[in-house]
Amino acid sequence: MSGRMVGIAIGVFAAILTTLVPVRVHAQVRVDIGINLPAPPAFVVIPNMPVYYAPSTPANVFFYAHQYWAFQGGGWYVGASWNGPWAVVAPIHVPAPILKVPVGYYRVPPPQWREWRREAPPRWEGHYGHEWHEEAHERDWREHEERWARHEGKGEGKGCPPGLAKQGRC
């Protein structure tokens, strides 16, 4: 087989593989958003929500479904650690539970939010969360956290999310 024929065969094989293996990829750009915390922050559950916030940080940092979320400079970022690295999240992919966090839980709310009700979520534009769908692991996390939050109300919780406690993060 000639070199040209081998090249064509490899190209055809690669094309077949890409059509047989569907991959769901959301482009992410890793960025430095200026959140540099010296140690893991303490997270506190937001009542009646599967989301936690960090009340002692100088930034809007949340924890949901085993991921850290930050709202900085008008945009959303997600990271696997409390200190990043952070990836940009398009508004349409921000999880609904994150978007429902009341204004009062944002440590550094944008100036235009100051007139909004603290107990209500921000007034997000219609495209926010539009394409977010609760994945199985997020649903499992939410259900687990909701059960934990009910127990916490009975004095059984320790003020640390179970997933973080197991990892020694608080």
Side-chain angles (χ1 to χ4, degrees), residues 24-150 152-153 157 159-165 167 169-170:
R24 185 176 165 198
V25 176
H26 295 288
Q28 294 184 347
V29 177
R30 304 255 180 226
V31 294
D32 178 7
I33 60 174
I35 296 178
N36 299 304
L37 305 175
F43 283 88
V44 178
V45 67
I46 297 173
N48 302 314
M49 296 191 79
V51 179
Y52 299 81
Y53 79 111
S56 62
T57 62
N60 302 309
V61 181
F62 303 94
F63 185 75
Y64 167 70
H66 297 286
Q67 293 180 309
Y68 296 84
W69 294 84
F71 183 73
Q72 185 87 340
W76 280 103
Y77 304 87
V78 66
S81 165
W82 51 271
N83 225 12
W86 300 101
V88 176
V89 179
I92 60 174
H93 296 295
V94 178
I98 292 289
L99 296 175
K100 291 178 183 176
V101 169
V103 170
Y105 292 97
Y106 285 79
R107 296 284 298 139
V108 187
Q112 66 269 27
W113 293 12
R114 289 191 182 120
E115 297 177 13
W116 296 354
R117 293 181 30 220
R118 292 181 47 81
E119 65 279 358
R123 300 175 191 156
W124 301 109
E125 296 172 24
H127 63 278
Y128 273 87
H130 180 69
E131 289 189 19
W132 175 78
H133 302 285
E134 188 173 49
E135 301 290 336
H137 74 277
E138 292 168 326
R139 183 180 58 255
D140 293 344
W141 171 261
R142 178 182 47 78
E143 291 170 353
H144 177 76
E145 295 302 296
E146 287 170 352
R147 285 191 305 273
W148 181 75
R150 284 193 298 272
E152 183 186 55
C160 181
L164 293 179
Q167 297 171 13
R169 295 186 182 178
C170 57

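Just so you know, these numbers come straight off a predicted model, no measurement behind them.
- Taking the six-membered ring for Trp and thresholds of 30 and 60 degrees, Tyr105 and Tyr53 have ring planes more than 60 degrees apart, a perpendicular arrangement.
- Heavy atoms only, all atoms of each residue included: Trp82 and Pro41 are closest at CB-CD, 3.8 Å.
- Not a single donor-acceptor pair under 3.5 Å links the side chain of Trp86 to the backbone N or O of Ala70.
- We find the CG-CD1 distance between Asn83 and Ile35 to be 8.0 Å, quoted to the nearest 0.5 Å.
- Counting heavy atoms from C-beta on, the side chains of Phe63 and Val51 never come closer than 4.5 Å.
- The two residues Tyr64 and Pro97 make their nearest non-hydrogen contact at OH-CG, 3.5 Å.
- Val89 places a side-chain heavy atom less than 4.5 Å from the side chain of Trp69.
- Considering only heavy atoms from C-beta on, Phe71 comes within 4.5 Å of Pro110 through its side chain.
- Residue-environment remark: CD (Glu115) stays at or below the threshold of 12 foreign heavy atoms within 6.0 Å.
- The backbone N or O of Val103 sits nowhere less than 3.5 Å from a side-chain atom of Arg118 that would complete a donor-acceptor pair.
- Of all heavy-atom pairs spanning Ala42 and Pro55, the tightest one is O-CD, 3.5 Å.
- Closest approach of Pro121 and Leu99 over heavy atoms only: CB-O, 3.5 Å.
- The aromatic rings of Trp76 and Phe62 sit tilted relative to each other, their planes meeting at an angle between 30° and 60°.
- Between Trp113 and Trp116, the two ring planes are parallel [angle under 30°; tilted spans 30° to 60°].
- Shortest non-hydrogen contact noted between Pro122 and Tyr106 is CG-CE1, 3.9 Å.
- Note that the CG atom of Leu37 and the OH atom of Tyr68 stand 11.0 Å from one another [nearest 0.5 Å].
- With hydrogens and angles disregarded, a donor-acceptor distance shorter than 3.5 Å links the side chain of Asn60 to the backbone of Arg107.
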